[in-house]
2 protein chains.
Amino acid sequence: MMRRMAAPPINPREGAGLTEALQYRLVIADDHPLFRGALREAVAGLLEQVDIAEAGTYDELVELLERNGDVDLVLLDLAMPGVRGFSGLMYMRAQYPGVPVIVVSANDDPAAIRRCMDFGASGFIPKTLGVDAMRTAISRILGGDVWTPPDVDLTGEADAASAELMARMATLTPQQVRVLMMLSEGLLNKQIAFQLGVSEATVKAHVSAILQKLGVESRTQAVIAAAKIEAGQWPQGIAAEG
Amino acid sequence: MMRRMAAPPINPREGAGLTEALQYRLVIADDHPLFRGALREAVAGLLEQVDIAEAGTYDELVELLERNGDVDLVLLDLAMPGVRGFSGLMYMRAQYPGVPVIVVSANDDPAAIRRCMDFGASGFIPKTLGVDAMRTAISRILGGDVWTPPDVDLTGEADAASAELMARMATLTPQQVRVLMMLSEGLLNKQIAFQLGVSEATVKAHVSAILQKLGVESRTQAVIAAAKIEAGQWPQGIAAEG
DNA sequence: ACCCCTATTCGACTTTCGACGAATCTCGCA
DNA sequence: TGCGAGATTCGTCGAAAGTCGAATAGGGGT
């Protein structure tokens, strides 16, 4: 898959050396003050000369960028007031194409990560990362690399788990689909049989086929699987952020 | 509206004074190491004698509580690996009814907050809170108060449908909650019996009680109901968290 | 002490579920 | 026309689920 917007190179103060007496400017944009502080400390321990600004809302971030355009790096949390999902990143990339953005997120869903990279982020750092790992990641990115969590296969499938399920679902026959939907309503075999106008034994046969095709072992697990697909329609972690 | 499970009083080392030479024990359960650290610092500056343990997963939290039952307070993030939404809180309140729990969450939806309180949390602290506000909140809660963000109207009603269900859920005994959560994982009675170390007949009795209390007629319908509570909590802001 | 209520446990019995085998039917293809 | 694959249908039988009654144990209240 192609990157849709190329991530800008991170070369603060073009023409100067990379490691010595630079005054890095970076902005931490996150609506959790405590986390902002922790992140600031983590970064401060990494770089000598660094000017870190904090933004708690997207408006603050924009204001900072307006007033001081030459920022070397933005650490952006996608879940900020005034921004939903990727809008913030998209807006950033559109308005300030020259400013590298690292997405710092509580969401570590591979699909979300890949989408961030597609939108031109210079890196993705999950909040679940430890301090040390986070530092090395940031320094790698500052060095020009593109860093993402190691276990993320950017070329891989969006969601292997649910894709697998979807594939299995697709093998269901029409009648089996009807039965599965009735299962998901909590109906008994007997009730399903009546509604479909067939015998209970037939329903049982359909249920058996469904269980086999979905790779589960009970009607309850089948219902759980079906529910996951329903919920899974929304890209990622509905019930994730807490 | 009544609190359906009373939050336990926070009076560590009963019989001793409240403010002097107490050794508070508390656990910070959050899957973001950086945030855990920041939260630890915030609390450490608040209390003199305090023993803070950290847990990055729900299993770690359980292990800590198992090994050291007399914990004075748990700061719990609802979005941890191994827990979905309120399950973690419900399970905590079922397994360790005597341990006060403060929910620390990035989600500041009033409905979610109220539901946390309904499930017996001793307080709710949004991650968007500043350090100072967070400290005063925690100290208030340690003092026995119930603290929630000021703008939350705890007296308001949730949507009638799920409120009904919530009320029914709250009548479940601790053991019944455990069984219900295992039902929601698609386990057989036999498997549940083994994990709980009781006979299968006992599990059946619990299931029967659950069905009656939830007003449903089969285990399948029970897990559907439970899933609705979990899912219904995040009505919109679907793709919000990034 | 007593009683009452609830939680938790369990065994016996009935109902439902689910696997297995098999029959019928449909449809596409040779 | 005949043939074969898959969908749909059904009966049977062992296993799982669920109901009922009951025993035990702890916790308030009087």
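Letters A, B, ... are given to chains in the order of the sequence lines, protein chains preceding strands, and every chain is numbered from 1.
Using a 30° and 60° split on the angle between ring planes, B/F35 and A/F35 fall in the parallel class, below 30°.
The interatomic distance linking B/E217 (CD) with D/dG18 (P) rounds to 11 Å, in whole Å. A straight line from CG of B/L188 to P of D/dG14 spans 20 Å, rounded to a whole angstrom. We find that NZ of A/K190 is positioned 8 Å from C1' of C/dT16, with the value rounded to whole Å. Atom CD in B/Q221 sits about 16 Å away from atom P in D/dA17, given to the nearest Å. A straight line from CE of B/M182 to P of D/dA17 spans 14 Å, rounded to a whole angstrom.
Residues from residues 171-179 of chain A with heavy atoms under 4.0 angstrom of DNA chain D, sorted by number: A/T173, A/Q175. Taken residue by residue, residues 200-214 of chain A places heavy atoms nearer than 4.0 Å to DNA chain D at A/A201, A/T202, A/A205, A/H206.
Between the A/Q191 side chain and the A/L188 main chain, a donor and an acceptor come within less than 3.5 Å of each other. A donor-acceptor contact shorter than 3.5 Å links the side chain of B/R36 to the backbone of B/D30.
Considering only heavy atoms from C-beta on, B/D72 stays 4.5 Å or farther from B/P100 through its side chain. Between B/I113 and B/P126 there is no side-chain heavy-atom pair separated by less than 4.5 Å. Looking at heavy atoms from C-beta onward, A/N189 lies in side-chain contact with A/R219 at the 4.5 angstrom threshold.
Within the structure, a side-chain polar atom (N or O) of B/S199 is placed less than 4.0 Å from OP1 or OP2 of C/dC10. Residue B/N189 places no side-chain N or O under 4.0 Å from the OP1 or OP2 atom of D/dA16.
Between the OG atom of B/S218 and the CG atom of A/L187 there is a distance of 8.5 Å, given to the nearest 0.5 Å. Between atom CD1 of residue B/I141 and atom CG of residue B/L75 there is a gap of 8.0 Å, rounded to the nearest 0.5 Å.
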